[in-house]
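What follows is a single structure, written as structure tokens, with notes after it.
Sequential numbering from 1 along the given sequence is applied to the chain's residues. These numbers come from the heavy atoms of this one structure, side chains and all, not from hydrogens, waters or symmetry mates.
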Amino acid sequence: MLRHRFQPGRLVAGLFLMLAGVLYAGDAGGLWETPWFVVIPVVSGGLGIAGAVGVVARSVHRRRGEPAPPDGPRADLPR
């Protein structure tokens, strides 16, 4: 059983941030040359897409009638 609801917006944001890291790692390793300003549209675009995915996912969860996760600590999980 899952302990939390799947949040695809966070997955998309993480993928784009990892892409930015790979771009800079490849530049640092000498595999290719990445201009410094390339990361700005990659991160900005990724966060924008992640926000849109998050809004769509939230609307789908609400439309399907799935209950929202509780705000406080869960009683069935050990601390």
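Transitive grouping of hydrophobic side chains (ILVMFWY, heavy atoms separated by less than 4.5 Å) brings Val38 and Phe16 into a common cluster.
Among residues two or more places apart in sequence or in another chain, the side-chain contact (heavy atoms from CB on, under 4.5 Å) test is passed with Ile40 by Trp36, Ser44. For Ala52, there are no side-chain contact (heavy atoms from CB on, under 4.5 Å) partners two or more places apart in sequence or in a different chain. Legend: residues meeting side-chain contact (heavy atoms from CB on, under 4.5 Å) with Val56, ordered by chain and number and at least two apart, are Val60. In terms of the side-chain contact (heavy atoms from CB on, under 4.5 Å) criterion, residue partners of Val53 (sequence neighbours excluded) are, by chain and number, Pro8, Val12, Ile49.
Counting only residues at least two apart or in different chains, side chain to side chain donor-acceptor pair (under 3.5 Å) contacts with residues 10-23 comprise Gln7-Arg10. Residue pairs meeting the side chain to side chain donor-acceptor pair (under 3.5 Å) criterion with at least one partner in residues 17-32, sequence neighbours excluded, are Trp32-Thr34.
The shortest heavy-atom contact between Ala20 and Val43 is CB-CG2, 4.0 Å.
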